[in-house]
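All ligand and atom numbering here is 1-based and tracks the order in the structure.
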Amino acid sequence: MPGAEAGAADRALLAKLRALIRRDGPLRIDRYMAACLADPEHGYWRKASIGADGDFITAPEISQTFGELIGLWCAVVWQSLGSPARVRLIELGPGRGTLMRDALRAAARVPEFRAALSVHLVEISEPLREAQRRSLAPPVHDGERPPIAWHEALADVPEGPAIIVANEFLDALPVRQAVFHEGAWRERVVDVDAHGALRFTLGPVAVAMESGLAATPKAGEMVEVRPGEGELLAQIARRASPTVALFIDYGPAEDAYGDTLQAVRRHRYVDPLGDPGHADLTAHVQFARLARQAHAAGLAADGPMLQAEFLARLGIAERGARLMAANPGRAGDIEAAVQRVISPTGMGQLFKVMAVRTRELPPPPPFG
Ligand code: SAH
């Protein structure tokens with residue numbers, strides 16, 4: 001319902017959460033996030049809408065150069081794996097399938113790589129799976145389409161050398177939050193007030209919240225941890241064949257305090273408790289911790305590098321220029337889109353890129 005307030009029309013998830021909290025007590029933030037995003041009946045991913053006419057926009061939806069450069073990056077990584085005859089190209093949270101479509105088109109320039117590929121899309125959202133099927137329908141490609149399979153989780157993707165790409169995937173994994181209060185970290189939770197509205201409050205003392213930050217924070221300071229990250233890295237580490245993963249997301253390079261939980265609907269920030277199930281709910285990725293967790297899982301990590309620098313080193317300027325020369329009528333739009341994904345005021349500075357790999361492999365470009 002574009003432009004419309006959800007109003008009373010669809011408060012089913014709010015009612016469900018209210019009842020759950022009244023029965024079992026306040027909800028941890030990760031459980032709240034998981035319910036808002038993935039509730040099987042009313043969660044956001046059941047109606048997720050990405051793009052200029054949706055709730056939020058991502059780099060591959062802004063400029064086709066983004067997916068194309070990643071496709072060429074994958075071809076180089078495949079060579080660094082020893083050009084295996086079969087390689088699994090896995091995308092976590094492929095959204096509308098735009099990145100993969102652009103990547104496969106660019107990868108056609110390395111025919112041996114294209115011929116070695118099988119594509120694995122890890123996606124929980126049914127409407128987005130449908131969008132991916134449409135984006136990746138055969139006529140879009142020159143040449144033959146590699147086999148494509150959909151999975152619920154990375155653990156379901158069969159063994160074999162693998163290249164994993166994840167753009168704005170980690171930010172969607174639920175976080176726990178803790179607030180430093182009277183000398184202890186207390187879990188932040190969601191409760192119901194006397195009028196039935198949801199509100200944040202403090203729960204029990206939170207233990208084992210590895211944050212990498214000082215042991216003596218100031219009162220009111222907040223930390224966030226994301227349990228799904230460690231689980232995902234452990235799954236990557238468990239793969240028997242060489243694997244390289246590329247994580248692109250927003251968040252700080254160094255450990256940082258602060259509440260980064262955000263809800264976005266139709267390109268606007270909204271109250272994360274206001275209308276559960278109707279907004280995209282995310283939190284920053286903490287890249288220093290991601291690297292520590294990769295090491296702890298037995299993997300190597302490269303970066304983080306600013307998205308602007310990563311794309312510059314992969315040749316976004318040249319690729320943009322070629323695209324403009326081929327489409328002079330759209331040159332202004334192409335240029336503006338490239339600027340948006342690399343400029344410090346757009347995505348270039350807040351977004352970071354980190355590679356995680358089997359330890360024996362060399363760092364992938366442009367890290368190595
Ligand atoms: N990579 C896309 C979309 C980013 S939005 C782009 O750049 O445009 C996050 C994506 O991750 C969506 O496709 C969402 O449905 C998916 N997703 C979120 N949590 C997931 C989970 N736990 N398992 C699989 N997919 C998930």
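Counting atoms of ligand 1 from 1 in the listed order, those under 4.0 Å from a heavy atom of Ser125 are 15 (O). Those atoms of ligand 1 that come under 4.0 Å of a heavy atom in Val122, given as number and element, are 24 (C), 25 (N). Near Pro60, with a cut-off below 4.0 Å to any heavy atom, the atoms of ligand 1 are 6 (C), 7 (O), 8 (O).
One finds a salt bridge joining Arg105 and Glu68 here, because a Lys/Arg side-chain nitrogen approaches an Asp/Glu carboxylate oxygen to under 4.0 Å. Ion pairing between Arg289 and Asp255 fails under the 4.0 Å rule for side-chain N and carboxylate O. Salt-bridge check for Glu318 with Arg322: failed, with every basic side-chain N at 4.0 Å or more from each acidic carboxylate O. Between Glu224 and Arg176, none of the side-chain N atoms (NZ, or NE/NH1/NH2) sits under 4.0 Å from a carboxylate O, so this pair counts as no salt bridge.
Taking atom 15 (O) of ligand 1 as the reference point, the nearest protein heavy-atom neighbour is Glu123 OE2, 2.4 Å. Protein heavy atom nearest atom 6 (C) of ligand 1, with residue, atom name and distance: Thr58 OG1, 3.3 Å. Annotation: atom 9 (C) of ligand 1 to nearest protein heavy atom, Glu168 O, 3.4 Å.
Residue contacts with ligand 1 leave out Ala48, since none of its heavy atoms falls under 4.0 Å from the ligand.
Using a 4.0 Å cut-off between heavy atoms, Ile124 contacts ligand 1 through both its backbone and its side chain. Of the heavy atoms in Leu128, only side-chain atoms (C-beta onward) come closer than 4.0 Å to ligand 1.
Annotation: Asn167 places an N or O atom under 3.5 Å from an N or O atom of ligand 1; distance criterion only. By the 3.5 Å distance cut-off applied to N or O atoms, Gly95 is counted among the residues near ligand 1. At least one N or O atom of Gly93, backbone or side chain, sits closer than 3.5 Å to an N or O atom of ligand 1.
Between the side chains of Thr282 and Tyr250, a donor-acceptor pair is found at a separation under 3.5 Å.
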Compile the donor-acceptor pairs under 3.5 Å between side chains in residues 30-41 and protein atoms, sequence neighbours left out, one pair per line.
{"residue": "Asp30", "atom": "OD1", "partner": "Arg28", "partner atom": "NE", "Å": "3.1"}
{"residue": "Asp30", "atom": "OD2", "partner": "Arg28", "partner atom": "NH2", "Å": "2.8"}
{"residue": "Tyr32", "atom": "OH", "partner": "Pro272", "partner atom": "O", "Å": "2.7"}
{"residue": "Asp39", "atom": "OD1", "partner": "Lys16", "partner atom": "NZ", "Å": "2.8"}
{"residue": "Asp39", "atom": "OD2", "partner": "Glu41", "partner atom": "N", "Å": "2.9"}
{"residue": "Asp39", "atom": "OD2", "partner": "His42", "partner atom": "N", "Å": "2.8"}

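Taking the centre and axis of the six-membered ring of Trp78, the NZ or CZ atom of Arg114 falls outside the cone set by 45° and 6.0 Å.
Scanning for salt bridge (Lys or Arg N to Asp or Glu O under 4.0 Å) contacts around Glu168 gives an empty result, with sequence neighbours left out.
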